[in-house]
Each structure stands twice: as C-alpha cells, then as structure tokens.
There are 2 protein chains.
Amino acid sequence: MTSSGTTSHPAGGRPEPSAAWELLVSAADAPARGRGRALQEALREAVRAGRLTAGTRLPSSRELAADLGVSRGLVTEAYEQLTAEGYLRSDRGSGTWVGETARAATGRGVRDLAPGGLGAPGASGVAGGPGVAGAPGVQVDFRPGTPDLALFPRAAWAAAQRSVLSALPHRALGYPDPRGLPELRSALAGMLARRRGVVADPERLVVCSGVAQASTLLGFVARARGMRTVGIEDPGSPEHGRLFASTGLDTRWLPVDEEGLLPGPLAASGVRVVVTTPSHHFPTGIAYSAGRRAALLDWARAVDGYVLEDDYDGDFRYDRAPVGALQGLDPERVVYTGSVSKSLAPGLRLGWMLVPRELHAEVVERKRTMDLGNPALDQALLTEFVTRGAYDRHLRRCRRAYRERRDALVAALTEALPGTTVSGIAAGLHIIARVDARYGPTEYFVERAASAGVAVRPLEEFGTSRPADGAVRLVLGYAHLSPSAIARGVRLLADARGRGGVG
Amino acid sequence: MTSSGTTSHPAGGRPEPSAAWELLVSAADAPARGRGRALQEALREAVRAGRLTAGTRLPSSRELAADLGVSRGLVTEAYEQLTAEGYLRSDRGSGTWVGETARAATGRGVRDLAPGGLGAPGASGVAGGPGVAGAPGVQVDFRPGTPDLALFPRAAWAAAQRSVLSALPHRALGYPDPRGLPELRSALAGMLARRRGVVADPERLVVCSGVAQASTLLGFVARARGMRTVGIEDPGSPEHGRLFASTGLDTRWLPVDEEGLLPGPLAASGVRVVVTTPSHHFPTGIAYSAGRRAALLDWARAVDGYVLEDDYDGDFRYDRAPVGALQGLDPERVVYTGSVSKSLAPGLRLGWMLVPRELHAEVVERKRTMDLGNPALDQALLTEFVTRGAYDRHLRRCRRAYRERRDALVAALTEALPGTTVSGIAAGLHIIARVDARYGPTEYFVERAASAGVAVRPLEEFGTSRPADGAVRLVLGYAHLSPSAIARGVRLLADARGRGGVG
C-alpha cells in the first residue's frame, strides 16, 4: 500500500510521505465491526506516545481512507471523535492537525494497551451519588443517582464468587496491598484504556471504595500541600462540599456554560484543584468542548494544579461513541476516578483512581491509613468478573435497558407536558427537562409533584444560579425506573400541575 | 429460696436481705455447662444497669451459692473474674463489694443482651497488625501479626455467600448506611456482649474496615476537637504513630508495667486520648489489673478524655475465661474496637467500633466522608456467618489449633534454648521469649537468626526501652505456623546462636 504523509510544524501545504501511518495499519486489519474504534485508538495512542507530534498535519480523510482501505466515513468519524476529545484540531478548509493538548505520562511511559470493543456503559460517582432512598409517600422517584439494582447480575456474580473462593491462594487473604490487588489493577487498566480512552498504567491505578473516597484522598493530599480551596462545577454536586470540608478544604462554585468550565472565573479563583465531569457534565449532560478541555489542562499546567475527573457515568452513551476521558490528554495533570456504583451497584463500594506520578505515593499512604486497602476477596471477584467478560456483557445489557427508559421518559414528557424541552439526553442515567414557565414557579411545581407522589429535584438544587426565564428545570433520573413507572410518573406530574394552577 | 442481702455504702457488717439477687436466679437455671458464665454476665449486667450500686456488699460466696443452688466454686470464680475486670473489689477478710469503676452508657440505656457460651477467640487489630510478609530467604517467620490463613473457613464462607446473594433484596445493593448494615450491627452487638462482655448497643456500633480505620476515625474526631497528641502504650504498636500522624496528631509513648499503663506518666502527659490493649497487652501479653483499669477510667473522666480499647485478640485465651473488655466498665469513656483480621482474615477488611454517645455522630460523619460505609454484600455475609453460628464454630476450631501451636513453641524453646523463659502465653497469637543474655546482644541474635532463615522481632522494636539485663527479648508469633514449622524454626534458632558465639 502507499503511505500518506505528514508535515512538521509549523505546518502548511500537502502532507509529506512518512511511515507514521503504518501504526494505523493494524487498525485497518481489525474485524469490520471494531475497525472504527481500533482506528481511533491507534490514532489516540500515536498522539500520546509522541509518534505524532503537535502540529503534525494529518492526511485528508479521503487520502487516509484510500491508503488504509477503509471507508471514508470511518476516518471522518475518527477525526471528529479525536477532535472532540482534544487530541486533534481542525481548521475548516485547511485540514486536521495534531493538537497541543495531549501530554504523555511521565514515569514508566505509555503502554500499548490493546484496543477492544467500545460502546457501552461504565463508571459511577459522587456526581449523582447517594441521596435517593424510598421516601414515604413517594410512588415514583425521579431523583437521580442510582442505577437499576434489579439488573445486578446475581448469577454471574455468584459464579465469580465460587470461582474466586476455590482458586484464591491462602496468602491472598492476608493484609492487602493498599494500592489494590495487582491483578485487579491490570484488569481495570485494560478495561479503562479500552472503554474510556485513559492512559491506564496499572502502577498508577489505586483501587478505592469509590468516587467519594477518591475525593477525600485527593482532598487530604491537597490540604497537606497547603491548598485551602477546591473548585467545583456550578451547577454540579453539592456533596463535594461536605467531602472536601472533611479534609479541611473549602469549595468554590465555578460557572459552567454549554461548553464546560469557564476559563476566566477558573483562573481568577486562585484554586489549584478543580473537580469536573467533562465527558458528561453533571447535571446538565453537556460534554466539554475540545477548546475547554484544552483550556482546562492549560490552566492546570500554568498553576501547577490538578483536575479531578469524576467519570461517574462516562460510557453510558446511547447515540454515539463515548467522549474519551480528559485524563488521556494529560495523565500528569488529571486525577481520573470512577467506580462500579452506576454500572453494578453502589453497595459494592469498589472504585478506582488513576493518579499522576507526583501525587501517587501520597495518595497511597492516605489510602493505607484510611483502611489499609480494599477487601481482598471483593477485589479478586471484580478481577474475575472483568476478565471473564461478564462486566462488558452486563454493561451492554444495562445500556439497552437504560436507552429504552430514556426514550420512554422523553416521549412521555413531550406528550404529557407540552412545551417541555429536554437536554443532556445523549448519555448517562438522567436528563434535564425544561418545563414551560406557565407550570412554575419551581417550588410550586416540585411541591405539587410531591403531593401527587412524585419526587423530583430541580436543577437549582445543584448550584447557585436561578433561571431568569422562570422555567422549571428538573434533573430527572430514569435508569432505576421501568418504562411503565416512568410513564405513570410523568402522568402524575402532568395531572398535578393541572390540579393547582398558578402562573 | 431464701435471699442473701446487700448493704448500702458506706458498708460494713452482714449483707441485708434484698431482692437484688433475684436477677441471678435465671443464671442459676441455665444449663449446667453455661451456668458460671451466665452468673458472671448477670452480675456484670446488674452492676452496669445500676441495680447493684457502688459500695454494695455482696453475700459471701458460700451464702450466694446456697441461695442459688449452685456450687460455691462457680460463685468464687464469678467474683474473681469480675474483680479482675474491675466491676467488683475485694478486701481480704472483709468480703466483696461492688466497685466504683463501672458506669452505664447514656442514651438508649443498657440492653439486656442474652448471655451465651463464651470461651473462644475473636477480634483483631493494629496491635500485631500488618507487617508480616514472606520475605526472601525466610524459612520460618516468627514475626507476629497474622492468623493462619489456611484455616479460613472457605466452605462455610461460600455457603454464606450463596445464601446471601440469593436472599438479599435489591435495595440492599444501594448506597449503604455509613454506620453499617442494621442486621450486622445487631448480630455483632449480641456476639460482642456475649464473648467480650461489652455494653453493645447496636445504635452505638459502627461497622468499619478494621482497627486501623477505627484509629484514624477517632484521630480525626479528636483533632477536630482541638487535641494535638495521643498516648500509646510503651511497649506497644509503633504503627499507631503513622495512623495518628495522618490525622494531624502526634503520639507520645506512655510506660506500661506488669499491671498496665502507669497512672502517673499518663496524668502528667497532658493527652486526652490513649490507645490501650487492656485485655491482652500488645506485645507483653499482660492483662491490666483491676486497679489499673479503674485508674485508667478515673483518668478519662477527670480529663474529659477517651480510651481507645484495641481488642485485637481479646478472646483468644487458652487457660481461663477471657478478661472482659474495659468498655463494659464505662461505655461513655471507652471507644472499643476489634475486627475479623485475627479471627477470620485481614483481607476481609471488616471490623467494628463501639462509640460513646458524645462522639458517635462525628465518627459516623467521618466514616461517611471516608468511604460512605463498608461494602453491603460483605456486611450481609458476615451477618449470615455470625447468626448461623459459623463464626463461633470457626473460633473454637482456631483456638484448638493455636493452643497446640503455643504449646509446641513453649516446649521447643525450653528444650532447645536452655535458660529461656516465656511470658504472655495465656492468650493471643504470640508470646514473649526471654533468651538468656549469653546468647545476646539482641542485634547479634536477630542477625544470626536471619542468616539461618528465621525471622524474629525483638521486643525493643515495639517501644522505647532497652533491657538492662542484656537478655534477648523476642515477640514470637506462632498462630500462622504449623507445630512442625515451629519446631524447625526453634531448632534453626538454636543452631544459629551456636554457630557464631559472642557473649
């Protein structure tokens, strides 16, 4: 085959011939179904490893498609995905370039982790964390935060339990490695690299009890380094305030618009740690734009700071490939965290962090003094569950169920509450519904809903701003509800706002 | 039946008739095997609940035995046990009195928890915690801290797993109660009241990941209350220093003699929290005398302070009934903690604390921000394991095995290293061996042992003092070693000291 070429920065004109595209050949040889995904992973990896350097111009999608013998659509899609994630940038008319955002991990260097089948749901977090419980008198509870616990794969889990308990060597029942079971760290690193596009070195992975513990661990480390305040997204998760307060840190709300955290207020705040949900912002559901991803990392580098990426539901995405994790762009500035709380069950208390080299030893020592490490049998169980493919299978099953429920919710809202618009529906376990101002004000709507047996949480509970347009904005969780419960809940909502009548 | 009597304080003369002894009648009706134990529990409970007040004189053992229709030996034994625990005091010649040490829990009041069969092993802790690992070149590892992991009851655990996973309601897979599963708190409270003589209100019990986490939780709470230093036993566990340092607290070594913590240095230290192992001091193996137990609680009340009771191996006692926990004497001044790390496996990361009312809410909030609570399935599993009697059965099995190993170690030492004396052998998973000075100095002995493939830890690693007599004092763990490994290890030790030859 012929090779398309690259140009060095400063760039211009036609790409020169080069061997750089060879690395994409194996992707083109992948089975048809996984080919687009393999192409994206190979490109991402090439940028990260420095094989494609910042400023390098990529061949046109037509040229590369011809070279690789794949459809042009696959290449276009790969370019778009990686541009959205910040690895590439594209100037209309002049082509696609390797961006300057991605930075390699220091230390052991980047590993070549095998790509695999992407596309289904995953992690969990404090964003949309605990808080939902069966309140008295509640018939339908739309408050976000819990997956469908009835989907927990009991049979597969029981099988993994049996297998682990009969095979585990005695010594594995002793005091655990505070970083986590080595086999689990390897399994999770592979899974996260594949599903979430992170740079997942098992030596940088710390098994923890979930995103809440990850926040507390990072908080203590930041406090010990003299920090006093942590930035959180506005709107975002008020729970972070309590978690960081326990580590001696104050929190500051920092505004988010439809592209992500606003760089100006972030820079002016003086914080050096900020908590974010860039792949699927909680609660609005936006994905950070490539520009804002880059700006966020630029900020972190400029202030010698860190971004905590709470990937709470990062790969529950229904209509396109998930946005790759921010951490992939700079593993030395991003502390990545997720858990099985949304993908399996919050009661398992199992999660993970990927920690920059600079902070790693401190985080591990904090983990050790907090609890000496996660339970060994639980870790062996999750290892077994991930490596035997049960985790992927379970996520596919959940994704199908949740997509159906999302569709049921959107359809019901549109029909029963005319004028309602929805957003943040492409991913996650909840949506934002903007109910027309005539059904407001918000307090009235929520109260009427409650008296009709429907629990809802208004968007304004998740931040400091109040809508100027008078519309009622709700954060509606749907994953834990059956389609019929969803339909009933929306019907009750519609009836409730009819019964009173204010605005 | 006739009733023996009591006298009010100030006391003297013969006891007056009273109905106070009625409470002991049910104990006398207990099956013959559990009668002595039931009598002790009933007496203890009567003191705690204030039904027998301080200064009350008890009938003579002969009188009470006649009244209750039990053997006099049972009553004598009960009086001795409760005197050792500090509930009673006895003046030679003038009889036995209710002591002034015991204080009832405030809040919900003391519950009547059913007594049951005592006598076997239990909890775990930081005292003798992590640190043992298969070091290269080590043939026999006598370092203390780990139970025999080969005894882990895999079949019974697997049965409990199956039963839990098939019966657990879906909602139990959600975010856990940070205090712990209510069913587990009840099961543990019953078990601890029965086995360890604690005042175990399930509402004051907090499930945690073990003694290390209990220490950290208490450390953070103490620090938030303005404390700066925590006292630890000398000798004791240096690991506590690192745990408390992570909460912002310094530690101060406080001397322990053959009766327990010395009251003078404790009072002079200015600390208001002290960590202790009163039932089986780590590492020397002494049990605190009744006088020192009382003095410790007096100190805590006087300074508005707290005693952390690390009951790390409290009911592994081989030759007599375990000494009841200090917490039973004043649950508002003692934070009691233990775990399954010595009784089942450290890898399970499951433990408990009993927390005074004054500190309870703060400890729970700290637990919540650390990890939101222990894993739900693990907690359900331990509940099942305890309530179906498997925990008691397992402890009986371990106790038999460990007693045999202890006997093997003592016999081997006496034979192979003439002049060696042993102490702290009545309980626990380790002993103290005092090897004659002619085999020293200590550094030399330990080095020779290591080069012969035997790992030992000298007593002086666990505190600040150095023996004046030049003898080599070793803390030898035996529970994790087979009798033949023990014999081989001692033989290697004996050969090693022969090979070099210094003193």
Side-chain angles (χ1 to χ4, degrees), chain A residues 129-134 145-146 148-152 154-155 157-158 161-162 165-166 168-176 208-210 212-213 215-217 219-220 242-248 341 344-350 365-366 368-380, chain B residues 129-134 145-146 148-152 154-155 157-158 161-162 165-166 168-176 208-210 212-213 215-217 219-220 242-248 341 344-350 365-366 368-380:
Chain A
V132 173
T146 312
D148 187 351
L149 300 172
L151 291 177
F152 183 76
R154 293 193 187 217
W157 199 254
Q161 276 182 340
R162 278 193 302 275
L165 204 52
S166 64
L168 205 68
H170 293 317
R171 67 170 189 286
L173 293 165
Y175 286 99
C208 62
S209 84
Q213 185 171 67
S215 302
T216 316
L217 288 168
F220 279 122
R242 286 182 289 272
L243 292 175
F244 287 114
S246 79
T247 70
S341 294
L344 283 166
L348 295 180
R349 307 309 313 129
L350 266 169
E365 175 60 10
R366 282 279 166 189
R368 199 183 70 79
T369 55
M370 264 190 203
D371 55 22
L372 304 186
N374 271 58
L377 276 173
D378 297 354
Q379 294 188 65
Chain B
V132 173
T146 311
D148 188 351
L149 301 171
L151 291 177
F152 184 75
R154 293 193 187 218
W157 199 254
Q161 277 183 339
R162 279 192 301 277
L165 205 53
S166 65
L168 205 69
H170 293 317
R171 67 170 188 287
L173 294 164
Y175 286 99
C208 62
S209 84
Q213 185 171 67
S215 302
T216 316
L217 287 168
F220 279 122
R242 288 183 288 273
L243 292 175
F244 287 114
S246 80
T247 71
S341 294
L344 284 166
L348 295 180
R349 307 308 313 129
L350 266 170
E365 175 59 11
R366 282 280 166 188
R368 199 184 70 79
T369 55
M370 267 191 202
D371 56 21
L372 305 186
N374 271 58
L377 277 173
D378 296 352
Q379 294 188 66

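Here is how names work: the chains are called A, B, and so on, in the same order as the sequence lines, proteins then strands, and each is numbered from 1.
Closest heavy-atom contact between P176(B) and P346(A): CD-O, 4.5 Å. Between Y175(A) and S341(B), the closest heavy-atom pair is OH-CB, 3.8 Å.
The structure places CZ of R154(A) at 8.0 Å from OG of S166(B), a figure rounded to the nearest 0.5 Å. Here L372(A) contributes atom CG and L243(B) contributes atom CG; the two are 7.0 Å apart, rounded to the nearest 0.5 Å. We find the CZ-OG1 distance between F244(B) and T369(A) to be 11.5 Å, quoted to the nearest 0.5 Å.
Among residues two or more places apart in sequence or in another chain, the side chain to side chain contact (heavy atoms under 4.5 Å, CB included) test is passed with A345(A) by L149(A), F152(A), L348(A), L173(B). Listed by chain and number, the residues in a side chain to side chain contact (heavy atoms under 4.5 Å, CB included) with A245(B) amount to none (sequence neighbours excluded).
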Please evaluate residues Q161(A) and L165(B) with respect to the criterion side-chain contact (heavy atoms from CB on, under 4.5 Å), reporting the C-alpha separation (whole Å), side-chain torsions for both, the decisive distance (0.1 Å), and the verdict. CA-CA 10 Å; Q161(A) 276 182 340; L165(B) 205 53; 3.7 Å; yes
Check the pair L377(A) / W157(B) against side-chain contact (heavy atoms from CB on, under 4.5 Å), numbers first and verdict last. CA-CA 11 Å; L377(A) 276 173; W157(B) 199 254; 3.6 Å; yes
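Interface remark: L168(A) contributes backbone and side-chain atoms alike to the contact with chain B (heavy atom separation under 4.5 Å). When heavy atoms are compared at a cutoff of 4.5 Å, F220(A) approaches chain B solely by way of its side chain, counted from C-beta outward. For R366(A), the part lying under 4.5 angstrom from a heavy atom of chain B is the side chain only. Heavy atoms of D378(A) lying under 4.5 Å from chain B belong exclusively to its side chain. Using a 4.5 Å cut-off between heavy atoms, D148(A) makes no contact with chain B at all.
Taking chain B as the reference chain and counting heavy-atom pairs below 4.5 Å, the highest number among G248(A), G373(A), A155(A), S246(A) is found for S246(A). For chain A, the option among Q379(B), M370(B), R242(B) with the highest count of heavy-atom pairs below 4.5 Å is M370(B). In terms of non-hydrogen atom pairs under 4.5 Å with chain B, the most contact-rich of A150(A), A158(A), A376(A) is A150(A). Top candidate by heavy-atom pairs under 4.5 Å with chain A, chosen from P169(B), A172(B), S209(B), G174(B), is G174(B).
Between R349(B) and N374(A) there is no side-chain heavy-atom pair separated by less than 4.5 Å.
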